[in-house]
Amino acid sequence: MSDADPCDACGTAVEDALSRTVRLSVDRSEIDSQRLCPNCFAEWIARYREEMQPESERTPVPKDGDADIIVD
């Protein structure tokens, strides 16, 4: 890898010193690996924390009932 390879999520060039690699392994076999810039890594961590919380502790997402209404 060069010193400024792209982020796998957003595509922006990121220096090796700033990049983070997220690896997904199951039973010691690597399933996926992503090189992320600091912003995409922060978003990945936030999404991971949200998805790994028990459902009883999650913040409910309000449904916008008008979102599916089309006015012509």
Side-chain angles (χ1 to χ4, degrees):
M1 282 190 193
S2 71
D3 283 346
D5 286 327
C7 170
D8 289 332
C10 69
T12 59
V14 58
E15 297 293 324
D16 282 343
L18 298 176
S19 72
R20 298 293 179 258
T21 302
V22 175
R23 290 184 181 88
L24 174 63
S25 299
V26 175
D27 295 332
R28 297 186 185 163
S29 296
E30 188 171 306
I31 304 299
D32 187 30
S33 179
Q34 296 179 16
R35 173 188 166 88
L36 302 174
C37 68
N39 288 337
C40 289
F41 181 71
E43 290 172 7
W44 186 91
I45 290 294
R47 189 174 64 245
Y48 176 83
R49 284 181 179 160
E50 178 67 25
E51 291 178 5
M52 293 298 115
Q53 281 184 349
E55 246 182 83
S56 61
E57 295 178 21
R58 290 187 187 176
T59 305
V61 177
K63 278 205 153 200
D64 184 5
D66 294 336
D68 296 330
I69 297 174
I70 299 172
V71 178
D72 191 26

- Task: Taking all non-hydrogen atoms of both residues into account, name the closest pair between Leu36 and Trp44 and its distance.
- Result: CD1-CB, 4.1 Å
- Under the side chain to side chain contact (heavy atoms under 4.5 Å, CB included) test, which residues partner Pro6, sequence neighbours left out? none
- Item | Minimum heavy-atom distance between Ser19 and Asp16, given as atom pair plus value | OG-O, 3.1 Å
- Gap between atom OG1 of Thr21 and atom CZ of Phe41 - 0.5 Å precision: 9.5 Å
- Item | Val14 backbone acceptor or donor facing Arg35 side chain under 3.5 Å | yes
- Item | Atom of Cys7, atom of Cys37 and distance for their closest heavy-atom approach | SG-N, 3.3 Å
- Task: Not counting sequence neighbours, list each pair that qualifies as a ring-ring contact (aromatic ring centres under 6.0 Å, His included) and has a residue in residues 17-36.
- Result: none
- Query: Which distance, rounded to the nearest 0.5 Å, do you find between the CZ of Arg49 and the CZ of Arg47?
  - Reply: 13.0 Å
- Item | Heavy-atom pair with the smallest gap, counting every atom of Asp8 and Ser33 | OD2-O, 4.1 Å
If you look only at distance, which donor and acceptor atoms sit under 3.5 Å apart when one is on a side chain in residues 23-32 and the other is two or more places apart or in another chain?
| from | atom 1 | to | atom 2 | distance (Å) |
| --- | --- | --- | --- | --- |
| Asp32 | OD2 | Gln34 | NE2 | 3.0 |

